[in-house]
Undergrad: 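Sending over a structure as structure tokens; questions will come in a sec.
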Amino acid sequence: MNLLNKSITIKSVTISNRLVMPPMATSKAANGDVTGQLIDYYDEKSKGGYIGLIITEHHYVSKDGMASEGQVSISRDEDVAGLKKIADVIHKNGSKVIAQINHAGSSASQDLTGYEPISASPIINVGFSAKTKLIPHEMDQNDIRRVVKSFADAAKRVKEAGYDGVQIHSAHGYLLNQFYSPLGNKRLDEYGGTIDGRIKIHLEIIRAIREVVGDDFLLSLRLGASDYMEGGSTIEDGVYASKKFQEAGIDLLDISGGYNGFIRKDTNEPGWFADATLAIKKEISIPLILTGGVTDVKDAEHLLEEGKADFIGIGRAIFKDSKWAEKAME
Ligand SMILES: Cc1cc2nc3c(=O)[nH]c(=O)nc-3n(C[C@H](O)[C@H](O)[C@H](O)COP(=O)(O)O)c2cc1C
């Protein structure tokens with residue numbers, strides 16, 4: 001266990017090891033508010049500080065982007081106080097913490113939000129996170145500006161709440177994945193078409209966030225690099241986009257799958273998005289997280305040794321067993 005135990009400093013944040021708990025929705029919030037149950041959950045997961053970095057579950061940046069009941073809100077200034085309690089408990093236990101911010105786009109349900117779902121194009125979501133059969137409203141330039149601002153406002157709140165960084169969610173078929181994927185984006189304006197068009201909104205969000213959080217705050221992006229679906233985004237898209245995200249100021253890239261979701265239908269190999277991370281790592285210098293299918297610490301170490309990632313995310317194994325990291329790291 002040499003590489004997994006190695007600390008790393010990104011900007012001014014020193015992370016004690018290469019183990020990441022990836023964002024996993026818990027449905028423990030009440031009307032978007034952080035609950036005692038949620039704080040206890042993160043306390044239990046971070047006890048002992050065995051996990052270097054915890055990325056907390058997706059938070060909705062605006063009500064119309066809410067994905068599911070029990071999801072945590074970061075859409076209101078009042079949310080900062082509750083979120084601070086999560087950051088504090090994780091820090092007290094010795095781990096670093098980043099919050100993931102998200103807009104569900106066409107995966108939001110009107111029944112839940114009270115708003116018409118929005119997306120890059122008026123296409124019913126065919127992806128993993130699809131929950132509604134409603135045709136979403138195609139976003140105009142004003143909608144795009146509003147969403148960019150919602151992400152920036154949310155990131156500012158994450159910083160105010162004392163987190164070490166913020167993560168933009170662009171995976172698993174949610175709004176930014178809808179822009180990134182040719183399956184969700186049929187736009188004819190500058191926000192569609194080529195990969196440059198399909199990541200224009202991402203770059204605007206990255207710049208807008210940087211402006212409000214400053215240069216030193218950790219900025220991560222979770223990219224569903226490839227849809228692994230016919231007509232969808234490809235690993236080549238992922239390589240190109242990752243380079244652009246690095247140039248725009250992303251400090252930590254987190255690679256997952258796109259419209260297919262976080263699993264692969266064609267392989268059970270631990271670290272199943274390694275085909276994407278290997279290709280991306282060749283072209284970028286910022287650290288990268290690989291998540292998917294890892295349940296054994298030996299596999300995590302092996303993936304690091306093979307140069308497939310700088311961090312390994314362990315999701316469901318930690319979800320099921322809060323002592324997983326303690327057992328693994330000792
Ligand atoms: C219950 C559950 C909730 C999840 N919620 C999120 C989420 O909020 N944001 C996200 O990016 N991924 C989410 N994921 C995906 C995980 O972060 C991770 O990528 C996935 O579980 C694959 O890793 P694993 O095989 O180690 O579990 C979720 C997964 C599960 C099982």
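By convention here, the first residue in the shown sequence is residue 1. First listed ligand is number 1; within each ligand, the first listed atom is number 1.
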Undergrad: Should Asp216 and Arg210 count as an ion pair when the cut-off is N to O under 4.0 Å?
TA: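 Arg210 and Asp216: not salt-bridged.
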Undergrad: For atom 23 (O) of ligand 1, what is the closest protein heavy atom, and at what distance to 0.1 Å?
TA: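 Residue, atom and distance for the closest contact: Thr291 CG2, 3.4 Å.
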Undergrad: Do Ser256 and ligand 1 have an N or O pair less than 3.5 Å apart?
TA: no
Undergrad: Parallel, tilted or perpendicular, judged at 30° and 60°: which one describes the rings of His58 and Tyr174?
TA: tilted
Undergrad: At less than 4.0 angstrom from any non-hydrogen atom of Pro22, what atoms of ligand 1 do you find?
TA: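 Once the distances to Pro22 are compared, the set is 17 (O).
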Undergrad: For ligand 1 and Gly315, I'd like to know whether there is a polar contact (N/O to N/O, distance under 3.5 Å).
TA: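 Between Gly315 and ligand 1, an N or O pair is found under 3.5 Å apart.
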Undergrad: Does at least one non-hydrogen atom of Gly292 fall below 4.0 angstrom from an atom of ligand 1?
TA: yes
Undergrad: Pick whichever of Pro270, Pro23, Gly271, Ala171 has a heavy atom sitting closest to atom 14 (N) of ligand 1.
TA: Pro23
Undergrad: Compute whether any side-chain donor of one residue and acceptor of the other, for Asn177 and Ser170, lie under 3.5 angstrom apart.
TA: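 No, because no side-chain N or O of Asn177 sits under 3.5 Å from a partner of the opposite role on Ser170.
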Undergrad: In the protein, what heavy atom is nearest to atom 31 (C) of ligand 1, and what distance, to one decimal place, separates them?
TA: Arg316 CG, 3.5 Å
Undergrad: Tell me whether Ala25 has any N or O atom under 3.5 angstrom from an N or O of ligand 1.
TA: yes
Undergrad: Counting both backbone and side chain atoms, is some N or O of Gln100 under 3.5 Å from an N or O of ligand 1?
TA: yes
Undergrad: Just go through Phe273, Tyr174, Phe262 and tell me whose heavy atom is the nearest to atom 21 (O) of ligand 1.
TA: Phe262
Undergrad: Run Lys323 and Glu326 through salt bridge (charged side-chain N to carboxylate O under 4.0 Å, His left out) and show every step you take.
TA: CA-CA 5 Å; Lys323 295 273 181 203; Glu326 179 176 349; 3.5 Å; yes
Undergrad: Among Phe273, Trp272, Tyr259, whose ring pair (Phe, Tyr, Trp, His ring centres under 6.0 Å) with Tyr228 holds?
TA: Phe273
Undergrad: Between the candidates Arg222, His169, His172, which shows the shortest non-hydrogen contact distance to atom 19 (O) of ligand 1?
TA: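 Looking at heavy atoms only, the winner is Arg222.
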Undergrad: What do you reckon, are the aromatic ring centroids of His202 and Phe245 less than 6.0 Å apart?
TA: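 Yes - the distance between ring centres of His202 and Phe245 falls below the 6.0 Å cut-off.
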Undergrad: Rounded to the nearest 0.5 Å, how far apart are CD1 of Ile15 and CG of Leu218?
TA: 6.0 Å
Undergrad: Is the shortest N/O to N/O distance between Gly293 and ligand 1 below 3.5 Å?
TA: yes
Undergrad: Find the distance between CD1 (Ile55) and CG (Asp254) and round it off to the nearest 0.5 Å.
TA: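 Nearest 0.5 Å value for the CD1-CG distance: 5.0 Å.
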